[in-house]
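Since the structure comes first, as structure tokens, the remarks are kept for the end.
Only a predicted model underlies this, so the values are computations on that prediction, with no experimental measurement involved.
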Amino acid sequence: MAIISRGFSGRRGAGDAKLPPGQYITTDFPVLSAGPTPHVPFDQWEFAIDDGAHVLNRCNWKSFRDLPAERFTTDIHCVTRWSKLGTSWEGVSLDTMLADLNSDARYSMVHSYGGYTTNVPLEDLKNRRAWVAFRFDGQDLAPEHGGPARLLVPHLYFWKSAKWVQGMTLMPQNKPGFWEANGYHIYGDPWREQRYSGE
């Protein structure tokens, strides 16, 4: 995939105590993508969880939307240094989607329509720390922001919140996804400035 989006720059304000180091506040919602925007019709969307050999759980759009949803407000932090504070979302907790699955896996590889992947430790997807989000700021999630549904893992840099999410593979060992294989940090904690490999 060709990299087609550019980063952003800006300045931190005096009252930016809630910001991770190196970040600045934006009131916009910049669009950054590693390729063209997929447009996935609701009747073709699905989310599947597998262990690399067998599908453990699969839902279509209707069964996904029948799951209990939560509304929540959180800050998001992009590796390109912008932060957007107090964003409002609605989505299904990964706790709900992973419930009753029997696996000793400690890691996941999240897959997106369009071929994007990102790795996330399973413990970072549990305990109300991650959602599959379908609404932003009271509106259906627009395709350029990952609609119809995206992963949202707000305590990590925003590239971990995969847009156009399609499913995840549970893994016993950690493996890099797309950006991680191209120089980004394997974990991506904004409070520790884990932007690039080796940091």
### Query
With side chains defined as the heavy atoms from C-beta onward, is the minimum distance between Glu180 and Lys160 less than 4.5 Å?
yes

Between Tyr113 and Met168, is there shared hydrophobic-cluster membership here, with clusters defined by ILVMFWY side-chain heavy atoms closer than 4.5 Å? yes

Looking only at heavy atoms, the pair that brings Ala130 and Asp124 closest together is CB-O, 3.9 Å

Inset, instruction - Check the angle between the aromatic planes of Phe29 and Phe158 and answer parallel, tilted or perpendicular using the 30° and 60° thresholds. - result: tilted

Practice task
Step by step, work out the side-chain hydrogen bond (donor to acceptor under 3.5 Å, both in side chains) result for Asp66 and Ser63.
Solution key: CA-CA 5 Å; Asp66 285 343; Ser63 58; over 6 Å; no

Side-chain (Lys163) to main-chain (Glu144) donor-acceptor, under 3.5 angstrom:
yes

So do Asn174 and Ile186 actually touch side chain to side chain, heavy atoms under 4.5 Å?
yes

Next item on the list: With side-chain contact (heavy atoms from CB on, under 4.5 Å) as the test, would you mind laying out the steps for Trp82 and Asp28 before giving the verdict?
Entry: CA-CA 10 Å; Trp82 60 262; Asp28 298 326; over 6 Å; no

Next on the checklist: Between Gln139 (side chain only) and Phe136 (backbone N and O only), is there a donor and an acceptor less than 3.5 Å apart?
Outcome noted: no

Correct closest heavy-atom pair for Leu151 and Ser161 would be O-CB, 3.1 Å

What orientation do Phe72 and Trp131 show, parallel under 30°, tilted 30 to 60°, or perpendicular over 60°? parallel

message = Would you call the rings of Tyr157 and Trp159 parallel, tilted or perpendicular, taking 30° and 60° as the class edges?
response = parallel

Value for CG (Leu56) from CG (Leu170), rounded to nearest 0.5 Å, stands at 6.0 Å

**Asked** Is there a side-chain contact between Leu101 and Ile49, using heavy atoms and a 4.5 Å cut-off?
**Response** yes

- Message: As a quick check of understanding, evaluate side-chain contact (heavy atoms from CB on, under 4.5 Å) for Gln194 and Tyr187, giving each step before the final call.
- Response: CA-CA 7 Å; Gln194 293 177 334; Tyr187 183 62; 3.2 Å; yes

- Tyr116/Trp164 under side-chain contact (heavy atoms from CB on, under 4.5 Å): CA gap, chis, key distance, verdict: CA-CA 9 Å; Tyr116 179 80; Trp164 317 298; 5.7 Å; no

message = Test your reading of the model: is there a side-chain donor-acceptor pair from Ser112 to the backbone of Gly114, 3.5 Å cut-off?
response = no

Check your understanding: Should Arg129 and Glu123 count as an ion pair when the cut-off is N to O under 4.0 Å?
Key -> no

Residues at least two apart in sequence or cross-chain that pass salt bridge (charged side-chain N to carboxylate O under 4.0 Å, His left out) with Glu90, listed by chain then number, are Arg71, Arg135

query = Does the side chain of Leu98 reach to within under 4.5 Å of the side chain of Leu122, using non-hydrogen atoms?
reply = yes

Closest heavy-atom pair, Leu85 versus Asp75, reported as atoms and distance to 0.1 Å, is CA-OD1, 3.3 Å

Heavy-atom closest pair (Trp45 atom, Pro148 atom, distance to 0.1 Å) is CD1-CG, 3.6 Å

* Side chains of Met171 and Ser108: closer than 4.5 Å at any heavy-atom pair? -> no

Scanning both residues in full, the closest heavy-atom pair of Met97 with Phe47 reads CE-CD2, 3.5 Å

Taking the side chain as everything from C-beta on, heavy atoms only, tell me whether His111 gets closer than 4.5 Å to Thr169.
yes

Row check, Phe134 ring normal vs Arg65 NZ/CZ: under 6.0 Å, within 45°: yes

CZ of Arg195 to OG1 of Thr80, rounded to nearest 0.5 Å, is 8.5 Å

Smallest heavy-atom separation, Pro143 atom then Pro38 atom, equals CB-O, 4.3 Å

message = Set out, in order, the CA-CA distance, both residues' side-chain angles and the distance that settles salt bridge (Lys or Arg N to Asp or Glu O under 4.0 Å) for Glu46 and Arg58, then state yes or no.
response = CA-CA 7 Å; Glu46 70 169 21; Arg58 184 192 308 269; 2.8 Å; yes

Original post:
When you measure from the side chain of Arg150 to the backbone N and O of His145, does any donor-acceptor pair fall under 3.5 Å?
Top reply: yes

- Task: Let me see the working for Ser83 and His77 under side-chain hydrogen bond (donor to acceptor under 3.5 Å, both in side chains), right down to the final yes or no.
- Result: CA-CA 4 Å; Ser83 290; His77 309 290; 2.6 Å; yes

Q) Can you hop from Leu156 to Met109 via hydrophobic side chains spaced under 4.5 Å? A) no

ask   = Just wondering, do Leu152 and Trp89 contact through their side chains at under 4.5 Å, heavy atoms?
value = yes

- Message: Is it the case that over 12 heavy atoms from other parts of the model lie below 6.0 angstrom from the CG atom of Asp43?
- Response: yes

Between Tyr107 and Asn119, is there a side-chain heavy-atom distance shorter than 4.5 Å? no

